[in-house]
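My questions all concern the structure below.
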Amino acid sequence: MSAPAPSPPAVVDAEPLPRQEEVLTEEALAFVAELHRRFTPRRDELLARRAVRRAEIARTSTLDFLPETAAIRADDSWRVAPSPAALDDRRVEITGPTDRKMTINALNSGARVWLADFEDASAPTWENVVLGQLNLIDAYTRNIDFTDPNSGKSYALKDAAELATVVMRPRGWHLDERHLKVDGEQVPGALVDFGLYFFHNARRLLDLGKGPYFYLPKTESHLEARLWNDVFVFAQDHVGVPQGTVRATVLIETITAAYEMEEILYELRDHASGLNAGRWDYLFSIVKNFRDGGARFVLPDRNAVTMTAPFMRAYTELLVRTCHKRGAHAIGGMAAFIPSRRDAEANKVAFEKVRADKDREAGDGFDGSWVAHPDLVPLAMESFDKVLGDRPNQKDRLREDVHVEAADLIAVDSLEARPTYPGLVNAVQVGIRYIEAWLRGLGAVAIFGLMEDAATAEISRSQIWQWINAGVEFENGEKATPELARAVAAEELAGLRAELGEEAFAAGHWQQAHDLLLEVALDEDYADFLTLPAYRQLEG
């Protein structure tokens, strides 16, 4: 009797791309297929668990630290693995998508780390997914350059010693990749992004004195961190690199994860590098989880919720305390400002805000922070240099003065600011403009002088939804209603048509973006993620 034929690797269902055969090798696809078969069933269970937990929050309007993991929090003896040399100094990190120009500019930026983003700063077209992987391979083999077709300017890598260390961010657990199927099922985007990157680069990075380092997005529980840890253990054995080669930094950008920071580090302790404080997704998560909680959970305009708000300060100080207690890096939030080539006065005002923000983070004990533009690297570096000096980090600053109670993390009503009509207009404007660009395949978008990503659109549409469902009355006497949101959106669409001209307007996705924003902002059934319905409309 003959042996059964081996199961085929993942099946690619997409138009061929230039040089895709260098990324989508038979061996790499077989590795992704094995990841899918082993780990997607658990992923599915954890997504179902999210829904159960969200229903419990709807019923109780509260959260608490987990009683079943109290022993982990009480045990002072455990630490995460020591940091590899390439990740010991993370004082400034730059973020951005993995297109060819950004890859070169980010690596050359002077930042210590580049968050190479396949998640919120990248719309998941198949071209972005595959060619982003190719750009990273080319960067590691120094086979990368770029000439801007408009300006004629050429870009090339600096010497290896001057380049940022790459920390790659795969997609979150909730998104599937429609162009890659195993056994007839779509593979989770997280496993596609991780699998292709790890398979092609793990050994290569070790040879370069670094390693496969990851940022893990939108984690909601320590059980999701445990799943990632099991993925890492399997992957390292499969490819034949030492256990502990992988290092992961987890974004604490969901309200549920904020109550499980120690447990998340514990689950990943052999592979953990640190935690990061992500602002917009964190606020989006608060709205999403407590949307039935009444007036005390209604957030004001997003720009009125600074990191000095009491409930945000509780979150960031607890993050620093937790990380340093366990020997991990604490990485601060984003400076999204884009310097203007024309408005020196606007730059001066914005630079002062950025400086104050980075001074605060460095003073609070963070070991590093994020910027979205290369021009901000020196500014952020200065803030951390003042505090760190020649030290690579300040993990020895234990912040034992910090004491955060469970209620402090959700004390949204500690804010005096209230939603405003201009805030509604801004949410509609930013939402439409971002979604339109996303539908064209762009994930990092300059809007009103700020670099925005998918988290911006999530908080924008969530605030519109929340304000309407909470019956908010604005300072001008108008009440938040679906009719008002539609009127503001129609006015914005008309303004864009007039500004762009009929031809340019028609060439974009403006009506589609308008309709999608209103769908996710006004539907009674709140969509868990904007990117799920948006992905169904994304071409390519």
*When you look at Ser340 and Asn347, which way does the side-chain hydrogen bond (donor to acceptor under 3.5 Å, both in side chains) test go after all the steps?*
CA-CA 6 Å; Ser340 170; Asn347 283 352; 4.8 Å; no
*Between CZ of Phe284 and CG of Asn289, what distance do you get to the nearest 0.5 Å?*
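Going from CZ on Phe284 over to CG on Asn289, the span is 9.0 Å.
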*Please check if any side-chain donor atom of Gln429 sits under 3.5 Å from a side-chain acceptor atom of Tyr434, or the reverse.*
no
*Is the shortest distance from a Lys or Arg side-chain nitrogen in Asp343 or Lys348 to a carboxylate oxygen in the other one below 4.0 Å?*
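Lys348 and Asp343: not salt-bridged.
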*List the steps, then state whether side-chain hydrogen bond (donor to acceptor under 3.5 Å, both in side chains) holds for Ser369 with Arg91.*
CA-CA 6 Å; Ser369 190; Arg91 67 186 71 197; over 6 Å; no
_If you count heavy atoms of other groups shown closer than 6.0 angstrom to CD of Glu68, is the number above 12?_
yes
*Around Lys386, counting heavy atoms of other residues, nucleotides and ligands shown, do more than 12 lie under 6.0 Å from its NZ?*
yes
_Shortest non-hydrogen contact from Ser61 toward Gly293_ = OG-CA, 3.6 Å
*Does Arg461 count as lying over the ring of Tyr526, i.e. NZ or CZ under 6.0 Å from the six-ring centre, within 45 degrees of the axis?*
yes
_Pairing of Glu119 and Lys218 as salt bridge, 4.0 angstrom limit_ =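 Counted as a salt bridge, because a side-chain N and a carboxylate O are separated by less than 4.0 Å.
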*If you round to the nearest 0.5 Å, how far is OG1 of Thr316 from CZ of Arg279?*
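Rounded to the nearest 0.5 Å, the CZ-OG1 separation comes out at 11.5 Å.
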*Are Lys325 and Glu262 within salt-bridge range, i.e. N to O under 4.0 Å?*
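Yes.
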*With the threshold set at 4.0 Å, does a side-chain nitrogen-carboxylate oxygen contact exist between Lys358 and Glu361?*
yes
*Is it the case that Thr322 and Arg326 place a side-chain donor and acceptor less than 3.5 Å from each other?*
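On atom types as modelled, these side chains do not qualify, holding no pair under 3.5 Å.
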*Tell me, please, which residues at least two apart from Asp301 pass salt bridge (Lys or Arg N to Asp or Glu O under 4.0 Å).*
none
*If you round to the nearest 0.5 Å, how far is CG of Leu409 from OG1 of Thr256?*
11.5 Å
*Mark yes or no: Lys210 above the aromatic ring of Tyr140, with NZ or CZ under 6.0 Å from the six-membered ring centre and no more than 45 degrees from the axis.*
no
*Distance in Å, Asp120 CG paired with Asp281 CG, rounded so as to fall on 0.5 Å steps*: 5.0 Å
*asked:* Test your reading of the model: is there a side-chain donor-acceptor pair from Asp367 to the backbone of Asp89, 3.5 Å cut-off?
replied: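 Answer holds: no.
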*Inter-residue atom distance Phe366.CZ - Leu275.CG, 0.5 Å rounding*: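 Interatomic distance, Phe366 CZ to Leu275 CG, rounded to 0.5 Å: 10.0 Å.
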*From Asp364, Asp408, Thr306, Thr308, residue fulfilling side chain to side chain donor-acceptor pair (under 3.5 Å) relative to Arg313*: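 Output: one option passes, namely Asp364.
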_Quick check against the 3.5 Å criterion: does Thr456 have a side-chain atom that pairs as donor or acceptor with the backbone of Glu452?_
no
_Any salt bridge linking Asp401 with Arg399? Criterion: basic side-chain nitrogen under 4.0 Å from a carboxylate oxygen._
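Salt bridge flag = yes for Arg399 with Asp401.
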*Do Asn108 side-chain atoms and Lys158 backbone N/O form a donor-acceptor pair below 3.5 Å?*
yes
*Any chance the rings of Phe232 and Phe198 have centres within less than 6.0 Å?*
no
*Can Glu260 and Arg226 be counted as an ion pair, charged N to O under 4.0 angstrom?*
no
_Asp88 and Asn393 side chains, donor-acceptor separation under 3.5 Å_ =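 Yes, side-chain donor-acceptor contact under 3.5 Å.
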*Could you tell me whether the side chains of Arg204 and Asn201 share a donor-acceptor contact shorter than 3.5 Å?*
yes
*Identified ring-ring contact (aromatic ring centres under 6.0 Å, His included) partner of Trp228 from the options Phe214, Trp173, Phe39*: Trp173
*asked:* Does atom CD (Glu162) have a neighbourhood of more than 12 heavy atoms from anything else shown, all under 6.0 Å?
replied: yes
*Distance only, no hydrogens: is a donor on one side chain within 3.5 Å (strictly under) of an acceptor on the other, for His271 and Gln236?*
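A pair is found: one side chain offers a donor N or O, the other an acceptor, under 3.5 Å apart.
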*From CG (Leu283) to OH (Tyr315), nearest 0.5 Å*: 8.5 Å
*Can you list every pair that meets ring pair (Phe, Tyr, Trp, His ring centres under 6.0 Å) and has a residue in residues 66-112, with sequence neighbours left out?*
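Applying ring pair (Phe, Tyr, Trp, His ring centres under 6.0 Å) to every pair that reaches into residues 66-112, excluding sequence neighbours, yields Trp78-Tyr266.
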*Ion pair present between Arg50 and Glu224, side-chain N to carboxylate O less than 4.0 angstrom?*
yes
*Would you call Arg73 and Glu263 a salt bridge, taking side-chain N to carboxylate O under 4.0 Å as the test?*
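Judged by the 4.0 Å cut-off on N to carboxylate O distance, Arg73 and Glu263 do form a salt bridge.
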*Any sub-3.5 Å donor-acceptor pair from Thr245's side-chain atoms to Val241's backbone N or O?*
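No, the answer is negative, given that no donor and acceptor are paired below the 3.5 Å cut-off.
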*Tell me, with the steps shown, if Leu223 and Leu46 meet side-chain contact (heavy atoms from CB on, under 4.5 Å).*
CA-CA 8 Å; Leu223 298 179; Leu46 289 168; 3.7 Å; yes
